[in-house]
Visitor: 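Attaching a single structure in structure tokens format; questions to follow.
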Amino acid sequence: GAVVSQHPSWVICKSGTSVKIECRSLDFQATTMFWYRQFPKQSLMLMATSNEGSKATYEQGVEKDKFLINHASLTLSTLTVTSAHPEDSSFYICSASWGNEKLFFGSGTQLSVL
Amino acid sequence: QQQVKQSPQSLIVQKGGIPIINCAYENTAFDYFPWYQQFPGKGPALLIAIRPDVSEKKEGRFTISFNKSAKQFSLHIMDSQPGDSATYFCAAITGGSYIPTFGRGTSLIVHP
């Protein structure tokens with residue numbers, strides 16, 4: 001299957017700082033990328049959908065000024081958690097699609113905000 | 001409103017057993033039904049998927065059974081192994097949207 005690389009795998013930061021998470025499709029051009037948040041023992045919660053060169057579409061209840069998404073190319077999308085607070089601590093996962101229903105997920109980023 | 005209902009929440013079987021995970025949906029516009037496997041601390045991985053025009057699909061030890069009239073589908077894992085211990089998510093996708101609606105997940109433990 002296609003490979004989606006996500007970095008970093010885990011990050012610890014102080015409250016008030018910003019954290020950037022990268023998601024790259026390594027062997028295909030992703031027309032659409034998705035960002036999810038997952039709490040322990042729960043399902044994936046879609047945060048936003050991004051298409052290359054256009055603004056991300058955020059799900060209801062997700063603060064777009066808090067979670068900045070940039071999809072600068074067909075192989076790279078970034079999620080920046082701005083002014084992170086302890087309640088933002090979570091497992092963040094990206095996924096990419098090359099234009100059909102098959103989604104390929106990154107390995108996830110565990111964010112811990114102190 | 002949960003559009004894809006998954007059960008059971010957790011499942012424990014012995015090695016060699018056949019765990020079965022069930023999902024049900026309401027939206028008849030769904031036309032692609034994937035199953036994902038997720039290990040702790042990792043992202044989900046596509047395991048197997050089916051479209052509603054077939055009633056069964058098998059890939060290795062994994063089989064999806066699909067009942068269109070009942071709007072239900074299930075995952076069967078034949079000859080389960082301890083390495084199959086993971087969380088399994090069913091999902092449903094509407095044609096053209098590419099955004100899956102996930103079930104709540106099933107935590108499977110396979111004892112040696």
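Just so we're on the same page: letters track the sequence lines, and every chain starts at 1.
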Visitor: Given the rule that I, L, V, M, F, W and Y join up when any side-chain heavy atoms are under 4.5 Å apart, are Val4(B) and Ile64(B) in one cluster?
Guide: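 Same cluster: Val4(B) reaches Ile64(B) through Ile, Leu, Val, Met, Phe, Trp or Tyr contacts under 4.5 Å.
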
Visitor: I'd like to know whether Leu46(A) forms a side chain to side chain contact (heavy atoms under 4.5 Å, CB included) with Phe102(B), so could you lay out the CA-CA distance, the side-chain angles of the two residues, the decisive distance to 0.1 Å, and finally the verdict.
Guide: CA-CA 10 Å; Leu46(A) 180 65; Phe102(B) 286 96; over 6 Å; no

Visitor: Which atoms of Gln38(B) are under 4.5 Å from chain A, going by heavy atoms: the side chain, the backbone, both sets, or neither?
Guide: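 It is the side chain, since no backbone atom gets that close.
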
Visitor: Which bit of Thr49(A) comes within less than 4.5 Å of chain B, counting heavy atoms only: side chain, backbone, both or neither?
Guide: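 Only the side chain of Thr49(A) comes within 4.5 Å of chain B.
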
Visitor: Work out which heavy atom in Phe89(B) is nearest to a heavy atom in Gln38(A); give both atom names and the distance.
Guide: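 So the two residues come closest at CZ-NE2, 3.5 Å.
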
Visitor: Against Pro44(B), only a single residue in Tyr36(A), Phe104(A), Phe105(A) fulfils side chain to side chain contact (heavy atoms under 4.5 Å, CB included); can you say which?
Guide: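 Option passing the side chain to side chain contact (heavy atoms under 4.5 Å, CB included) with Pro44(B): Phe105(A).
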
Visitor: What option among Ile93(A), Thr109(A), Leu44(A) has the most heavy-atom pairs under 4.5 Å with chain B?
Guide: Leu44(A)

Visitor: Within a 6.0 Å radius of atom CD on Gln9(B), are there more than 12 heavy atoms belonging to other residues, nucleotides or ligands?
Guide: no

Visitor: Indicate, with yes or no, if Phe34(A) and Leu76(A) share a hydrophobic cluster defined by side-chain heavy-atom contacts under 4.5 Å among Ile, Leu, Val, Met, Phe, Trp and Tyr.
Guide: no

Visitor: Could you grab the distance from atom OG of Ser43(A) to atom CZ of Arg104(B), nearest 0.5 Å is fine?
Guide: 9.0 Å

Visitor: How long is the span from the CD1 atom in Ile99(B) to the OG1 atom in Thr32(A), to the nearest 0.5 Å?
Guide: 8.5 Å

Visitor: Pick one of side chain, backbone, both or neither for Gln110(A), based on which atoms fall under 4.5 Å of a heavy atom in chain B.
Guide: neither

Visitor: Going only through I, L, V, M, F, W and Y residues with side-chain contacts under 4.5 Å, is there a path from Ile69(A) to Val19(A)?
Guide: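 Linked within one cluster.
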
Visitor: Treat each ILVMFWY residue as a node, draw an edge where side-chain heavy atoms are under 4.5 Å apart, and state whether Leu68(A) and Ile21(A) are in one component.
Guide: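 Per the 4.5 Å side-chain linkage, Leu68(A) and Ile21(A) are not co-clustered.
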
Visitor: Using heavy-atom distances under 4.5 Å, tell me whether Phe39(B) contacts chain A through its side chain, its backbone, both, or neither.
Guide: neither

Visitor: Counting heavy-atom pairs under 4.5 Å to chain A, which of Ala91(B), Ala49(B), Gly41(B) comes out on top?
Guide: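 Max contact count across the listed options: Gly41(B).
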
Visitor: Shared ILVMFWY cluster between Leu114(A) and Val81(A), side chains joined below 4.5 angstrom?
Guide: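 No, separate clusters.
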
Visitor: Mark yes when over 12 heavy atoms from residues, nucleotides or ligands other than Lys20(A) sit less than 6.0 Å from its NZ; otherwise mark no.
Guide: no

